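Read the structure below first, then the notes.
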There are 2 protein chains.
Amino acid sequence: MPTIKDVAKAAGCSTATVSRALASPEKVTEATRQRVARAIAEVGYAPNVAARNLRRAESRTIVTLLPDISNPFFSEIINGMEEVAHQAGYQLLVGDCERDPARAEAYFSLLPTNQADGIILLTSDIPHALVRRAVSRANAPLVMACEFFADIDLPTVAIDNYQAAAHAIDYLASLGHERIASVSGPVGNPICRERTRGYRDTLAARGLSGSARVVEGDFGFRSGYQQGLALLEGTDRPSAIFCHSDEMAIGVLKAARQLGIGVPEALSVVGFDNIGFSEYCEPELTTVSQPRHEIGQQAMRMLLSLLAGESVVRRQTLSTQLIVRKSTGRSAT
Amino acid sequence: MPTIKDVAKAAGCSTATVSRALASPEKVTEATRQRVARAIAEVGYAPNVAARNLRRAESRTIVTLLPDISNPFFSEIINGMEEVAHQAGYQLLVGDCERDPARAEAYFSLLPTNQADGIILLTSDIPHALVRRAVSRANAPLVMACEFFADIDLPTVAIDNYQAAAHAIDYLASLGHERIASVSGPVGNPICRERTRGYRDTLAARGLSGSARVVEGDFGFRSGYQQGLALLEGTDRPSAIFCHSDEMAIGVLKAARQLGIGVPEALSVVGFDNIGFSEYCEPELTTVSQPRHEIGQQAMRMLLSLLAGESVVRRQTLSTQLIVRKSTGRSAT
DNA sequence: CTGAAAGCGCTTACAG
DNA sequence: CTGAAAGCGCTTACAG
């Protein structure tokens, strides 16, 4: 590959001038700029990024950490991040943590070695010590999206999980449901706690506290299916189930089908996330939709601002939408 | 961050020795190795990767290009790649091309600038010129997984698409089906052509050529749904439909449901890929399963061998499995 | 086995 | 506005 020297020779100037023509064209005369441009085309020059990064002590790479890449919930968020990152000349490295602390640690270690300029966390399920260490320097290039830590204050882009859950439960109650159960994500997860708070408070406001019932899943199909079976086979069967993910809701749908319980006639089910699949399951799923693309975009913008030393709104709350489809209906009782 | 100089000072040796203790410990005495190790721990040293990359003219980064990150089919493949890559000290950069030639070009340009050491293609839907240019040097660090080009010979890890389709059609025919339609992926796609060949040849072998019917989808839910409607509303309705993806099969399921056509009583449906969802749709989907994790692993191993200058088996064919679930049954006619 | 030294390809403070 | 020169943090051929 030709280097900046070759360009300088072809343009009849110094390497410093070539570098400037590239990095800060305004510091160079129009004529020079053009000669350099022609020389670059002539020799087929492309800058060596490793050299540039070494010199500038940056990597132009952003890492995003997520708990499970196979969850389609994340893909649209990643697309949003990528869009903004590429526009700004950054690359996105997608890191799948898979609940493995070692993996998370490996990705965090990219920060001090200048292999990554910043991290966007899409999971709170990583060692807090890791985050604390990274956060200790002021203006640490860390942003949280969708999730948050109960005990570490990070710039965050998310929805109002409390409100979103409250809204879903209100809707179910307005349909006449009085026994509304919930399949939560991991109960240690702060956003699940928020949703469960919204769930409980809304039931209480409706005088339905007595029937509150929360079981724990892991966001995946299987856990929804299993908890759905447990809930529906037991005595005092709920007439509606609010799930913290679409996958779990679809698992519940399968459980109901297997038990011969009609949805929505005998059971209403609400999911969370509005993944593509939710329109194609049977029946089509009523669900809480988050603006995933926008969350990704905003999180990346926030991180880029941090990197630029700009001050940022530390908490951005985007709005959700309850999408009513076919899995919910009036209570039969 | 401390540099190699700080370590050298702390260990009482030269930077060259520190470097060697790290890169080729066998070139250094045991005592030196230990002093260096202690010094590294003492000063908290971590190598600057940009500097190392610049010096070594490599990036230790592999790019994988895929057509659509939101397709869950790819996640398990990516996991397989990541696993092998990390073990070998490489990073995986996941590039979503979204049918945009400019994106593909941007990722390919990482190669000559040493920002990436190799590329694994999970899509054939990119400008061939790009691939040709990259392939022109001998032992180009390019590997194809799942897909292939009709006109460019690249080291490949894939299944036998012809056989897999033939197997599925054989199974359907053995169930008594005589009108078997197919919802193909993009017809320009070589793997779809292979599957369609397998489909046609098998029908012919059974004397069923007359009823062959192939419509085109794009692998997504919606196209399966639309083509399903078209196929099922028309005259001479098929009694079985073979789809080139699970998402399309699930779309067909929805179309059948909407038209009141029972599956599998009145219609059998076979998908392709065995995505997680295929177990949770109604009815559970019979599908062709590919060893996705293994495909990812093998593709990465192949690329790493190429990078090491080793010779590789240029065509690795992994086996598929027909997973029979509830969406297929004996023909009613 | 070890060290001095050159050099990977850039960028930038300094001088003019 | 432009150039000479130093230096980012490593690695490695060369000598000893």
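Predicted model, so just to flag it, every value in this text is computed and none were measured. So you know, we letter chains A, B, ... as the sequences are listed, proteins then strands, and number each from 1.
- Checking side-chain atoms of D6(A) against main-chain N and O of T3(A) turns up a donor-acceptor pair under 3.5 Å.
- Between N53(B) atom CG and dC8(D) atom P the separation is 18 Å, expressed in whole Å.
- Straight-line distance from the CG atom of L22(B) to the C1' atom of dC10(D): 11 Å, rounded to whole Å.
- Under the 4.5 Å side-chain criterion, counting only non-hydrogen atoms from C-beta, N79(A) is in contact with H293(A).
- Computed from coordinates, the K5(B) NZ to dC10(D) C1' distance equals 11 Å when rounded to whole Å.
- Although no hydrogens or angles enter the test, the distance criterion places no donor-acceptor pair under 3.5 Å between the side chain of S24(B) and the main chain of K27(B).
- Looking at I77(A) and L122(A), their side chains come closer than 4.5 Å, going by heavy atoms from C-beta outward.
- Checking the phosphate oxygens (OP1, OP2) of dG9(C), no side-chain nitrogen or oxygen of T3(A) falls inside 4.0 Å.
- Looking only at atom types and distance, the side chain of D117(A) has a donor-acceptor partner in the side chain of S59(A) under 3.5 Å away.
- Applying a 4.0 Å cut-off to non-hydrogen atoms, none of the residues of residues 23-44 of chain B approaches DNA chain D.
- Remark: P of dG9(C) and OH of Y45(A) are 10 Å apart, rounded to the nearest angstrom.
- Here R20(A) lies in heavy-atom contact (under 4.0 Å) with a base.
- With pairs defined as Watson-Crick or G-U wobble and both atom distances under 3.5 Å, the stems of at least three pairs that touch DNA chain D come out as C:1-3 with D:14-16, C:5-12 with D:5-12, C:14-16 with D:1-3.
- Considering only side-chain N and O atoms, T17(B) lies under 4.0 angstrom from the phosphate OP1 or OP2 of dG3(C).
- Here the C1' atom of nucleotide dC8(C) and the CG atom of D6(A) are 14 Å apart, to the nearest Å.
- Under a 4.0 Å N-O distance rule, the pair E58(A)/R60(A) qualifies as a salt bridge.
- Protein atom CZ of R60(B) is 16 Å distant from nucleotide atom P of dC10(D), rounded to whole Å.
- Judged by atom type and distance alone, R55(A) does not reach the base of dG9(D) through any side-chain donor-acceptor pair under 3.5 Å.
- Salt bridge status for D68(A) with R99(A): absent, with no side-chain N to carboxylate O gap under 4.0 Å.
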Does the side-chain contact (heavy atoms from CB on, under 4.5 Å) test come out yes or no for T29(B) and R33(B), once each step is laid out?
CA-CA 6 Å; T29(B) 58; R33(B) 192 157 48 235; over 6 Å; no
Inset, instruction - For the pair E30(A) and Q34(A), evaluate side chain to side chain donor-acceptor pair (under 3.5 Å) and give the outcome as yes or no after the intermediate values. - result: CA-CA 6 Å; E30(A) 174 62 21; Q34(A) 291 196 0; 2.8 Å; yes
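- Rounded to a whole Å, the CE atom of M1(A) is 12 Å from the C1' atom of dG9(C).
- For the pair I4(B) CD1 and dT12(D) P, the interatomic distance rounds to 11 Å; values are reported in whole Å.
- Applying the 4.0 Å criterion to OP1 and OP2 of dG9(D), one finds that R52(B) has every side-chain N and O outside that range.
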